[in-house]
A.B. asks: 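Quick one: the structure is below, questions incoming.
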Amino acid sequence: MLRVVAAILIVFVVVTGIWSFWETNDETATPVTETDAIAAVETEAAPAAPPIAEPSTAAAPAPAPATADTTPAPAGQTAAPAPADDKAATPPADDKAAGGEAAPAAGGASADEGGNPQQTAEKAEKGSLKNPNSDPKAVGEAGHKIYMSAGCNGCHGGTGGGGMGPPLTNPIWVYGKDDDTLFRLIALGSDGLKAQGYARKGSENVVGPMPPHGGIVKSNGDMWKIISWMRTINPSSGS
C-alpha cells in the first residue's frame, strides 16, 4: 500500500513540474505579429539583387594602322598595265574587211590573187596593177594550162602563134606590153580597155575586137600566170 502511494506522489510531482515549465515558456515567448509575418514572406519571395559590375579601367586596344599591301605578285605574273588610249590601241580598219576595195599602194600594187579579174580591172587605179610573179618561168607552165582552159588558144593559137587574133610571139603590142595594160586588155577586152582611156600603140590584122575574159579566168592569180607565160614565149615582152 505504501508503494502505491509513493508512486502516485512521484507521478504527481513529475506532472506538476512539467506543467510549471510549460507555463513559464508561454509567458516569456515573444508573440509574432501580422506585420512581422508579412515582412518575413516578402523577404523570402524577393529575388536576390544581381551584383553590380565595377566599370573596367583597362584601356581598349588601339586599332592597327593601315599599311600598304606589300604582298609580292605570284611568279610569272606582272601588274596589270594601265588601259591604253582607245584611239591609239585601235588599229585602222581594213578597207576590204569593211566592205570596200583596198586602195592601191603608192608606186603600183599587185591585184589580190584571189580577187575577180573583171572587178579588179574596173576598180583599180590606172597604172596600178603589177604582176606579183617576179620569175615568169616559175609559173609559166601553169599559166599555159590556164590559157588553154580559158579558150585563149581559139584566137591566139595553142602556142601563141596567132590565128583569128594577133600572135603573142612577135614584138608588136597593139595597146602596150606593161602589166597593167595586159591585165585590163584580157579582163575587159579591147573595147573596155579603150573606155578607160587606153589607146592603140601598134597595129595588127585582126578579125574583130578582143572579147573580155575577166569573167572566164577565175582569179587575179590565174590572170597573172597567163601573162607570165606570155612573157616566157616572147623575149620582147619584158615590161
Side-chain angles (χ1 to χ4, degrees), residues 89-169 173-199 201 209-239:
T90 304
D94 182 86
D95 292 338
K96 187 175 180 181
E101 288 290 327
S110 60
D112 176 16
E113 293 194 21
N116 177 271
Q118 183 171 345
Q119 293 178 355
T120 299
E122 290 174 347
K123 297 180 180 180
E125 183 180 352
K126 187 176 181 179
S128 66
L129 300 175
K130 299 293 182 183
N131 191 342
N133 302 305
S134 58
D135 183 7
K137 292 182 180 180
V139 295
E141 185 176 351
H144 184 228
K145 292 180 180 179
I146 298 169
Y147 168 90
M148 297 293 289
S149 65
C152 302
N153 59 310
C155 293
H156 299 285
T159 58
M164 290 174 31
L168 306 178
T169 54
W173 299 89
V174 179
Y175 292 95
K177 61 180 180 179
D178 61 278
D179 287 340
D180 183 81
T181 299
L182 292 176
F183 188 100
R184 294 173 192 270
L185 176 60
I186 301 172
L188 302 176
S190 55
D191 289 342
L193 181 68
K194 289 187 288 186
Q196 288 190 338
Y198 291 77
K201 296 182 179 181
M210 178 176 175
H213 282 65
I216 299 175
V217 179
K218 295 179 180 180
S219 67
N220 294 334
D222 286 352
M223 183 70 79
W224 288 126
K225 288 182 176 70
I226 292 175
I227 295 173
S228 295
W229 173 74
M230 291 169 55
R231 298 202 184 284
T232 64
I233 63 172
N234 192 330
S236 69
S237 67
S239 57

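Values below: all heavy atoms of this structure, side chains included; hydrogens, waters and symmetry mates excluded.
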A.B. asks: So for atom CD, which belongs to Q196, do other residues, nucleotides or ligands contribute more than 12 heavy atoms lying within a distance under 6.0 Å?
C.D. replies: yes
A.B. asks: Should the heavy atoms of other residues, nucleotides or ligands under 6.0 Å from NZ of K126 be counted, would the total exceed 12?
C.D. replies: yes
A.B. asks: Just jot down the side chain to side chain donor-acceptor pair (under 3.5 Å) partners of Y175, sequence neighbours excluded, or say none.
C.D. replies: none
A.B. asks: Identify the two heavy atoms, one from K225 and one from N133, that lie closest to each other, and give their separation to 0.1 Å.
C.D. replies: N-ND2, 4.2 Å
A.B. asks: Flag the pair N131 / L182 as yes when at least one side-chain heavy-atom distance between them is below 4.5 Å, and no otherwise.
C.D. replies: no
A.B. asks: Output the distance between atom NZ (K145) and atom CG (D222), rounded to the nearest 0.5 Å.
C.D. replies: 12.5 Å
A.B. asks: Is the shortest side-chain heavy-atom distance between H156 and P166 below 4.5 Å?
C.D. replies: yes
A.B. asks: If I compare all heavy atoms of P136 with all of S228, which pair ends up nearest, and what's the gap?
C.D. replies: CB-O, 3.5 Å
A.B. asks: Atom CZ in F183, atom NZ in K130: separation rounded to 0.5 Å?
C.D. replies: 13.5 Å
A.B. asks: For a side-chain contact (heavy atoms from CB on, under 4.5 Å) check, start with the C-alpha distance between V174 and L185, then their side-chain angles and the critical distance, and finish with the verdict.
C.D. replies: CA-CA 10 Å; V174 179; L185 176 60; over 6 Å; no
A.B. asks: Where do V217 and M223 come nearest, in terms of heavy atoms and distance?
C.D. replies: CG1-N, 3.6 Å
A.B. asks: Drop me the distance from L193's CG to M210's CE, to the nearest 0.5 angstrom.
C.D. replies: 10.0 Å
A.B. asks: For residues W173 and L168, report the shortest heavy-atom separation together with the two atoms involved.
C.D. replies: CH2-O, 4.2 Å
A.B. asks: Step by step, work out the side-chain contact (heavy atoms from CB on, under 4.5 Å) result for K177 and T181.
C.D. replies: CA-CA 7 Å; K177 61 180 180 179; T181 299; over 6 Å; no
A.B. asks: Output the distance between atom SG (C152) and atom CE (M230), rounded to the nearest 0.5 Å.
C.D. replies: 9.0 Å
A.B. asks: What are the two closest non-hydrogen atoms of A187 and P117, and how far apart are they?
C.D. replies: CB-O, 3.8 Å
A.B. asks: Provide the closest heavy-atom pair for E122 versus L188 in the form atom of the first, atom of the second, distance.
C.D. replies: CG-CD2, 3.8 Å
A.B. asks: Atom CD1 in I216, atom CD1 in I146: separation rounded to 0.5 Å?
C.D. replies: 13.5 Å
A.B. asks: Would you call the rings of W229 and H144 parallel, tilted or perpendicular if under 30° counts as parallel and over 60° as perpendicular?
C.D. replies: parallel
A.B. asks: Only counting residues at least two apart or in another chain, list the ones meeting side chain to side chain donor-acceptor pair (under 3.5 Å) with D180.
C.D. replies: R184, Y198
A.B. asks: Per the side-chain contact (heavy atoms from CB on, under 4.5 Å) rule, which among T120, D179, D178 passes with L129?
C.D. replies: T120
